[in-house]
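Below: one structure, written as structure tokens.
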There are 2 protein chains.
Amino acid sequence: MEKPPEKARRSIGAKRNPDSADAIRDAAEAVLLEAGYAGFSIEAVARRARAGKPTIYRWWPSKAALLLDVYQRQKRDIDYADTGSLEEDMFRFLKSLLRQWRDTPAGSIFRSFVAEAQSDATASAALADYARERRAHTGQMVERAKARGEVAAGVDPTLVADMLSGYAWIHLLTNRLDEDDETIRKAVRIIAKGLLAGA
Amino acid sequence: MEKPPEKARRSIGAKRNPDSADAIRDAAEAVLLEAGYAGFSIEAVARRARAGKPTIYRWWPSKAALLLDVYQRQKRDIDYADTGSLEEDMFRFLKSLLRQWRDTPAGSIFRSFVAEAQSDATASAALADYARERRAHTGQMVERAKARGEVAAGVDPTLVADMLSGYAWIHLLTNRLDEDDETIRKAVRIIAKGLLAGA
DNA sequence: TATCTAACGGAACGTACCGTTTCGATGGAG
DNA sequence: CTCCATCGAAACGGTACGTTCCGTTAGATA
């Protein structure tokens with residue numbers, strides 16, 4: 001990731017030093033990646049960033065807030081392409097999501113975030129908000145298919161999003177991100193057929 | 001749950017005092033239920049149980065081990081009835097699972113356990129084992145339906161178990177255990193129709 | 001130019017918890 | 001009657017949290 005800065009930063013006057021904020025975010029991500037959630041402490045981040053703890057707490061009110069920031073910085077490169085086939089859309093979505101979680105820091109960070117949300121109220125609310133937003137977004141995939149007649153009328157798109165996300169989450173949280181394409185294909189095929197038949 | 005014992009227990013000689021073990025397990029469950037995962041510390045459990053920390057560490061090697069023990073003590077009262085209809089079986093399974101997680105300590109405990117598994121290797125392995133066992137068990141529901149011709153030949157029963165569990169997990173971990181029956185019904189109906197159509 | 005102000009890194013603090021060690025008392029086993 | 005593993009309690013060193021001071025820095029203000 002990033003090398004720890006050689007020299008300590010100093011104040012740049014009566015205003016925030018963006019270098020410090022960047023260094024803290026970089027350090028937080030690096031610590032999370034190298035030591036995992038267990039090693040993710042404010043002290044470790046401060047050491048790594050050559051920053052003072054007060055500097056961190058000046059800008060992030062809690063450990064959960066910093067974790068949330070790092071998590072949101074993860075750019076999502078998920079495949080939301082509209083292939084014209086719901087099954088194919090869902091397959092690409094799930095495959096790319098599991099792949100990204102497996103091959104980039106995103107998976108480790110998201111795992112940490114879900115874990116933190118089980119003990120910290122701020123993180124819990126943030127996770128709920130995020131999940132709601134994802135549900136709506138993924139649901140659009142189903143909306144499109146509905147317009148094409150691939151999905152029966154009574155189906156709630158966010159319900160399908162829950163199924164897909166749930167399938168992904170349980171794989172992430174139990175270290176099973178290496179599911180092969182054929183299995184993913186079978187899973188989405190079942191859902192696609194079920195959606196066609198209607199609810 | 002349990003009242004803290006009025007008097008401290010003493011040694012009953014050169015053998016383990018089962019009252020202590022019981023009191024510790026009870027206290028651990030009570031702390032987890034009342035203060036959640038955030039408040040679940042060995043110190044808090046020891047205080048609550050009027051036990052010494054060494055007594056806890058003599059019998060449970062780590063915090064994760066105690067958490068695992070408490071978790072496994074949770075009796076599963078999940079509806080695995082064979083109704084003759086896969087859709088109905090799955091509906092009852094999901095409904096009873098979400099209800100139990102919502103209305104008993106089991107949900108809080110399992111949330112904590114999933115969270116712990118994201119930072120503790122022992123808990124992680126235990127969770128993976130448990131998930132595997134559950135997958136096989138829930139898969140039997142699908143096996144039965146397969147024998148009845150409700151499920152196409154190529155379907156992997158454990159894949160269906162992943163779908164159901166994933167759907168339940170994401171609701172547990174994002175505080176959405178209050179999903180109504182109609183929504184659950186729609187979800188399992190989609191899966192049931194998809195399984196009938198085949199993979 | 002002189003002063004004000006807010007940011008900086010660093011050090012230290014008090015609290016909490018971890019996992020371990022030590023202690024005296026207990027009471028069953030040999 | 002002696003041994004000995006157990007008990008609760010207390011204290012240990014270590015780590016991390018979140019906070020408070022400190023002296024330093026340099027832009028903003030007058």
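Chain letters run A, B, ... following the sequence lines, proteins first and then strands; every chain starts at 1.
- Between B:Tyr71 and B:Phe113, the ring-plane angle classifies as parallel under the 30° and 60° cut-offs.
- Across residues 54-69 of chain A, A:Pro54, A:Thr55, A:Arg58, A:Trp59 each have a non-hydrogen atom less than 4.0 Å from an atom of DNA chain C (numbered order).
- Closest approach to the B:Lys53 side chain among C:dC18, C:dA12, D:dC7 is made by C:dC18 (side chain taken as heavy atoms from C-beta onward).
- The side chain of B:Glu43 has C:dC17 as its nearest neighbour among D:dC17, D:dC7, C:dC17.
- Here C:dA11 presents its P atom at 13 Å from CZ of A:Arg47, a figure rounded to the nearest Å.
- Using a 4.5 Å cut-off on side-chain heavy atoms (C-beta onward), B:Ile190 and A:Leu159 make contact.
- Annotation: side chain of B:Asn17 is not in contact with side chain of B:Thr55 (no heavy-atom distance under 4.5 Å).
- For A:Arg9, a side-chain nitrogen or oxygen approaches OP1 or OP2 of C:dG9 to under 4.0 Å.
- Of the listed nucleotides (D:dA9, C:dC18, D:dC7), C:dC18 has the atom at the smallest distance from the side chain of B:Ser41.
- Look at CD on A:Glu116: it is 15 Å from P on D:dA16, rounded to the nearest Å.
- Separating the CG atom of A:Asp120 from the P atom of D:dC17 is a distance of 13 Å, rounded to the nearest angstrom.
- Considering B:Gln100, B:Gln74, B:Arg73 in turn, B:Gln74 is the only one that fulfils the side-chain contact (heavy atoms from CB on, under 4.5 Å) rule with B:Pro105.
- Within a 6.0 Å sphere centred on NZ of A:Lys95, heavy atoms belonging to other residues, nucleotides or ligands number 12 at most.
- B:Thr83 is listed as a side-chain neighbour of B:Arg92, based on a closest heavy-atom distance under 4.5 Å.
- Using a 4.0 Å cut-off between charged nitrogen and carboxylate oxygen, B:Arg48 and B:Glu34 count as a salt-bridge pair.
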Could you list all N or O pairs between the protein and nucleotides 24-30 of chain C that sit under 3.5 Å apart?
| unit_1 | atom_1 | unit_2 | atom_2 | d |
| --- | --- | --- | --- | --- |
| C:dT26 | O2 | B:Ser11 | OG | 3.0 |

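- By the 4.5 Å heavy-atom criterion applied to side chains, B:Thr138 and B:Tyr80 are counted as neighbours.
- Residue A:Arg16 contributes atom CZ, which lies 17 Å from atom C1' of C:dT5 at whole-angstrom precision.
- Considering only heavy atoms from C-beta on, B:Thr183 stays 4.5 Å or farther from A:Asp156 through its side chain.
- Put simply, CG on B:Asp19 is 16 Å from P on D:dT6, counting in whole angstrom units.
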